[in-house]
Amino acid sequence: MGPVPALEDRAIDCARRLREASSVLVASHIDADGLTSAAIAARALERAGIAHEVVFENQLDDDRIAAIAETGYDTVLFTDFGSGQLDAIAEHEDRGAFEPVIADHHQPAEATTEYHLNPLLKNIDGAKELSGAGAAYVLARALAETGDGQTATEDKSDNRDLAALAVVGAIGDMQAVDGELVGANRGIVEEGDEAGVLEEGTDLALYGTQTRPLPKLLEYASEVRIPGISNDEAGAVAFLEELGVELKRDGDWRRWVDLSAEEKQTVASALLQRALRRGVPAEKAERLIGTTYTLKDERRGTELRDASEFSTLLNATARYERADVGLAVCLGDRAGAMERARTLLQNHRRRLSEGLTRVKEQGVEQESHLQWFDAGTEIRETIVGIVAGMALGVDGVDPNRPIVAFARKGEEETKVSGRGTARLVGQGLDLSTVMTEAAGAVGGEGGGHDVAAGATIPAGAEEQFIARVDAVVGEQLG
Ligand code: C5P
Ligand code: C5P
Ligand code: ZN
């Protein structure tokens, strides 16, 4: 039995169909979840002895689906997208262009297809309980189960080692609830643990415990802001020095992973105390400690050792048209591709920080039920959603209202990203429906998840679009 029993039958059907194919085109999305999805699919197909090729797309629109049909592959495995574009995909299927196999977690469109693996079809939450990489992992496990052990590699693997990548995908899609993977994702965490590739632990829940120099780890922490330490280089250094923590060893900055258990304990409890003393509410300060996912086969002190840092590294490649680099890293390249990915990561960090600064300086417009900003050409359309999500925590932006962001996408199109919060979703917000409806009303296309969704609309339609979004969100939040 696979890691998600409710999806087992569908997964086995999809796996059998893939085994009938002479070769498979894998098409996937250009973010951390999409890259890990593709890597899991590629590895599992390779182990099953099925020839394949991988392509990445920014958005799976009609043109891209038509281009995929042109490749002449008769079997196309869509990962981390496809469900939302099923109407268009089904047209090609009906015409006999190719047969789709879909492993996705986005809100499905109306058409149906035979080989469709999606948690939402089984009432499993696609925003919190299973990512695209999770769906691909369920499929990979089914591929192993349907094997006859005939190919050279498949008898050696049940594909459980791929659970580590599935967790990177889920973390990259921000599926953790209060820092922890839940629901169907738990089955994957357990298999990764059993396979010895993954460890779930409790540790300091700040981004960068593997790679950031200690003072930078504290200074840059945006998860929980601590007065006198966050955004305060001298303050962060002074705080650590007062605790008597050695900051450098042999001339190199020490990182969180370099500390002894005792030192970690000292720093963590001092941080907590400082936060409480400086007025951070207890429920917020407690978030300093949380669940972490460690990839045990990766070297300590590298981006790949921690699921969160790994996923950011992947976003730094694929969202800048270098999905090939991210895929190579996922598939084990620790030399050339890894080096290139690190350079891309520096660029990505800089762009996110510039994007956020821009939002802080220019502020957001308020409507009745939401807030929005237009980044024009200043923020790349592939990362404007990440910036919008980060903006929900900054001064001048209401953390309790949905946020919508625009960015130019060529001459004729505008990219839209929408982000909400778990609390708003609890109150009825469903941005996937919002984006689909509002985009449809102005001649665009949209989709996604309840808490995060996006769209592409014709340039010039922004005002009309926002009015529509405002109306639909108003209805949802009643
Ligand atoms: O296309 P895909 O499903 O991979 O993308 C999901 C997007 O939703 C990611 O960009 C992720 O960061 C975002 N998200 C979010 N907040 C959540 C869940 C997902 O911003 N709570
Ligand atoms: O691009 P962004 O990160 O804002 O996308 C948020 C979510 O909306 C992702 O899951 C993405 O796949 C989805 N989306 C979509 N259709 C679009 C744009 C985004 O389904 N046209
Ligand atoms: Zn995804």
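Remember, it's 1-based here, ligands and their atoms both numbered in the order they're listed.
Here K128 has no heavy atoms under 4.0 Å from ligand 1, in either its backbone or its side chain. Looking at S417 against ligand 2, both its backbone and its side chain come within 4.0 Å, counting heavy atoms. Residue E445 touches ligand 2 through its backbone alone, judged by heavy-atom distances below 4.0 Å. Neither the backbone nor the side chain of T421 comes within 4.0 Å of ligand 1, counting heavy atoms alone.
The N, O or S atom of D33 lying closest to the Zn ion (ligand 3) is OD2. Restricting D173 to its N, O or S atoms, the one at the least distance from the Zn ion (ligand 3) is OD2. Its N, O or S atom nearest to the Zn ion (ligand 3) is what matters here, and for D80 that atom is OD1.
The single protein non-hydrogen atom nearest to atom 19 (C) of ligand 1 is D173 O, 2.8 Å, given as residue, atom name and distance. For atom 15 (C) of ligand 2, the nearest protein heavy atom (residue, atom name, distance) is G447 O, 3.4 Å. The protein non-hydrogen atom at the shortest distance from atom 3 (O) of ligand 1 is H449 NE2, 2.6 Å. Closest to atom 18 (C) of ligand 2 among all protein heavy atoms lies G454 C, 3.3 Å. The closest protein non-hydrogen atom to atom 13 (C) of ligand 1 is A452 CB, 3.5 Å. Scanning the protein heavy atoms around atom 1 (O) of ligand 1, the nearest turns out to be H106 NE2, 2.9 Å.
With respect to E298 and R334, a salt bridge is recorded, a charged nitrogen being found less than 4.0 Å from a carboxylate O.
Note: no N/O pair closer than 3.5 Å links G385 and ligand 2 by distance alone. For ligand 2, the polar-atom distance check against K415 finds a nitrogen or oxygen pair separated by under 3.5 Å. The shortest N or O to N or O distance between Q175 and ligand 1 is not below 3.5 Å.
With R401 as reference, Q366 is the one residue of Q366, H369, Q371 to meet the side chain to side chain donor-acceptor pair (under 3.5 Å) rule. Among the candidates Q362, E361, E354, the single residue satisfying the side chain to side chain donor-acceptor pair (under 3.5 Å) test with R358 is Q362. Considering N118, D33, D125 in turn, D33 is the only one that fulfils the side chain to side chain donor-acceptor pair (under 3.5 Å) rule with H105.
In this structure, the side chains of L204 and W256 come closer than 4.5 Å at one or more pairs of heavy atoms.
Ligand 2 is approached by H29 to a heavy-atom distance shorter than 4.0 Å. Heavy atoms of R419 approach ligand 2 to within less than 4.0 angstrom.
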